[in-house]
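Contents: one structure, followed by commentary.
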Amino acid sequence: MVAPRTGYQVRLRVYEGPLDLLLDLIQHNQLDIHDIPIAEITAQYMAALSAMARLDLDVASEFLVMAATLMAIKARLLLPRPAERPPDGEWEAGPDPREELARRLEEYRRVKAAAEALSRRRAAWSLRYFRPGVPGQPAGEPPGPGGEVSVADLVAAFRDVLARAGPDLPREIYRDPVPLRRQLAAVLRRLRASRHGLPFGALFRPDADRHEVVVTFLALLELTRQGRVTVQQALPFAEIWVYLRRAGDCPGRPAAGPPASRAAGGHGGGER
Amino acid sequence: MSGGDRLPPEALGALEALLFTATEPVEPARLARALGFTEGQLRLAVDGLRARYAGEESGIELVEVAGGLMLGTKPAFAPLLEEMGRRREPAPLSRAALETLAIVAYRQPVPRPEIEAIRGVNCESPLRTLLDRGLIRPVGRREAPGRPTLYGTTDAFLRAFGLRHLGDLPDPEPPSPGPDAWPLETPAGATS
Amino acid sequence: MSGGDRLPPEALGALEALLFTATEPVEPARLARALGFTEGQLRLAVDGLRARYAGEESGIELVEVAGGLMLGTKPAFAPLLEEMGRRREPAPLSRAALETLAIVAYRQPVPRPEIEAIRGVNCESPLRTLLDRGLIRPVGRREAPGRPTLYGTTDAFLRAFGLRHLGDLPDPEPPSPGPDAWPLETPAGATS
């Protein structure tokens with residue numbers, strides 16, 4: 001979960017962050033990263049921060065954290081070393097408190113160098129031009145799936161993903177959404193079994209939920225579009241009837257419709 | 001052709017680079033202007049390129065079409081290119097993209113959170129791939145908190161997988177007819 | 001090169017036609033297969049094309065990028081093409097994005113917290129930019145608390161920067177090969 005942190009994303013005019021600012025101060029003063037005069041750098045750093053504040057640049061919290069770090073290092077350097085070392089030598093060879101900072105600065109400096117190297121590389125490469133649509137700019141039709149992906153791959157992927165999801169899927173998802181394909185077959189089957197077509201309403205299971213009703217309706221539309229079924233209505237507001245179209249049927253003349261349907265069927269009801 | 005029609009040494013290269021990057025035939029006058037050539041110089045350069053492309057070791061040639069010049073492959077290589085399916089062949093779909101596509105195909109219309117719940121991972125990137133490749137598209141929004149975008153497959157999807165319509169999608173679970181396979185079993189008796 | 005690596009007369013032309021119509025870099029192995037060449041023959045043909053493009057009267061040349069071969073114009077003609085409005089300058093990358101990309105490129109696979117530790121600032125926005133532009137992608141998760149997503153670069157990155165492969169990344173500090181020439185030697189994900 002990523003919380004939006006707008007105040008955090010402030011782009012200072014010049015500096016990418018506290019390390020960038022520090023590095024700039026170090027380079028500007030021609031200092032050695034591994035031997036930073038902390039008191040001086042801290043003073044300059046704080047001055048830079050207040051300059052940013054004066055310019056009304058929102059000083060991001062990272063800059064403040066670094067300020068605190070610098071102060072802490074400075075304080076530790078100022079602390080007098082104990083005159084007598086404890087017998088266990090605990091104070092001996094204590095790490096230079098500046099070491100960690102130097103390591104981070106050195107690392108960041110390398111990143112900056114790498115970024116510049118990439119940038120130069122890109123500039124050189126951009127002197128080359130390619131055939132239109134190259135590289136990576138889709139020209140015209142979207143590229144489709146690519147490679148040789150078959151329906152079988154698709155089915156296998158679906159099975160895999162369901163198997164992997166296991167039983168603890170959210171309920172809402174497990175509820176079978178009644179695939180259109182199944183509903184297509186169902187509608188066809190029921191029409192085949194009925195000799196005279198079916199009233200529209202009879203295609204829906206009495207306890208069908210909204211989703212199933214929608215899919216059944218979509219199935220009906222699809223079958224109509226495919227010309228496998230005709231839908232007719234004798235009069236406005238009258239019952240709508242659905243007929244299976246058999247091979248050789250005249251469009252709009254169901255093989256065995258009730259007389260009522262013929263009345264309105266002269267113009268080829270469901271045919272287009 | 002006047003005696004002043006001498007060609008600078010890189011003339012052919014410049015002409016070639018221009019034509020190589022053109023998206024449509026370029027009129028000779030425009031070419032001449034772009035290259036700073038006289039009409040005569042352009043003719044010389046065109047002839048020069050033609051000569052360079054003449055040999056059988058060259059795969060491309062200069063063609064004149066629609067009042068302009070362009071580069072194209074030689075007809076002799078058509079069979080080879082056709083075999084290569086030169087309709088741009090993108091990299092095959094990643095596993096993540098294929099799974100995401102399968103979920104969209106079978107569950108459409110489906111919102112991203114549901115896809116992610118099923119796959120158990122963030123699906124932003126595969127969804128984008130599929131949208132970019134024209135295999136899926138937003139088909140609406142679910143009337144639910146946040147009104148998430150619903151995705152469905154496209155006609156390009158059907159074409160790509162050789163399906164006439166969505167009803168052609170094979171049953172993902174052929175062995176066991178699910179618990180509510182109702183309509184398949186119901187006899188005709190249901191007629192009101 | 002074995003004696004069997006003789007080239008049929010139209011070999012260069014066929015290779016050129018294939019590359020001319022390619023929309024992305026084509027892997028040598030694919031080229032060889034399409035052309036019915038042995039590896040040695042393909043190498044001969046590539047060298048042959050290179051030689052043909054070498055002269056200054058040629059405007060294009062063969063480049064290797066992202067593990068494949070493609071044709072592109074010679075850099076010398078960039079000003080001419082730019083003037084013709086041929087430039088398709090991808091939007092420039094911000095410094096933040098470039099730095100973030102550099103860390104991902106040289107340290108991959110690398111999780112966001114590590115990138116942020118190195119840059120010393122939040123990197124959500126540059127990471128999103130890079131993901132959106134297809135230059136980086138999630139490549140897995142680190143087996144550590146929170147299982148942070150690991151990022152790596154894409155082929156599009158190689159193509160955008162003209163790199164043949166990751167080993168082709170420019171040396172960030174060419175003059176002084178310091179004691180710890182960091183990025184190249186650091187084992188992936190060793191830090192923090």
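Just so it is clear, the structure is predicted and the values come from calculations on it, not from any experiment. Below, chains carry the letters A, B, ... as their sequence lines are ordered, and counting in each starts from 1.
Within 6.0 Å of CD on B:E56 lie more than 12 heavy atoms contributed by other residues, nucleotides or ligands. Atom CZ of B:R30 has 12 or fewer neighbouring heavy atoms from other residues, nucleotides or ligands inside a 6.0 Å radius.
Within the model, atoms CG of C:L35 and CG of B:L80 stand 5.5 Å from one another, a figure rounded to the nearest 0.5 Å. Within the model, atoms CG of C:L131 and OG of B:S125 stand 7.5 Å from one another, a figure rounded to the nearest 0.5 Å. Atom CG of B:L49 is separated from atom CD of C:E57 by 9.5 Å, given to the nearest 0.5 angstrom. Considering CD of C:E10 and OG of B:S58, their distance stands at 13.0 Å, rounded to 0.5 Å.
Contacts between B:A22 and chain C at a heavy-atom distance below 4.5 Å involve backbone atoms as well as side-chain atoms. Only the side chain of C:R52 comes within contact range of chain B, judged by heavy atoms closer than 4.5 Å. At a 4.5 Å heavy-atom cutoff, the contact between B:L71 and chain C is made by backbone and side-chain atoms alike. For chain B, no part of C:D155 is nearby; none of its heavy atoms comes within less than 4.5 Å.
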Dump the intermediate steps for side-chain contact (heavy atoms from CB on, under 4.5 Å) on B:F77 and C:E16, then the final yes or no. CA-CA 10 Å; B:F77 297 109; C:E16 185 176 47; over 6 Å; no
Kindly indicate, with the supporting measurements, whether the criterion side-chain contact (heavy atoms from CB on, under 4.5 Å) is fulfilled by C:D132 and B:R128. CA-CA 9 Å; C:D132 281 353; B:R128 188 184 328 242; 3.2 Å; yes
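Of all the listed residues (C:A34, C:A14, C:A45), the one sharing the greatest number of non-hydrogen pairs under 4.5 Å with chain B is C:A14.
B:A17 approaches C:G59 most closely through the heavy-atom pair CB-O, 4.0 Å. Taking both residues in full, the closest heavy atoms of B:T73 and C:F20 are given as CG2-CD2, 3.7 Å, listed atom of the first, atom of the second, then distance.
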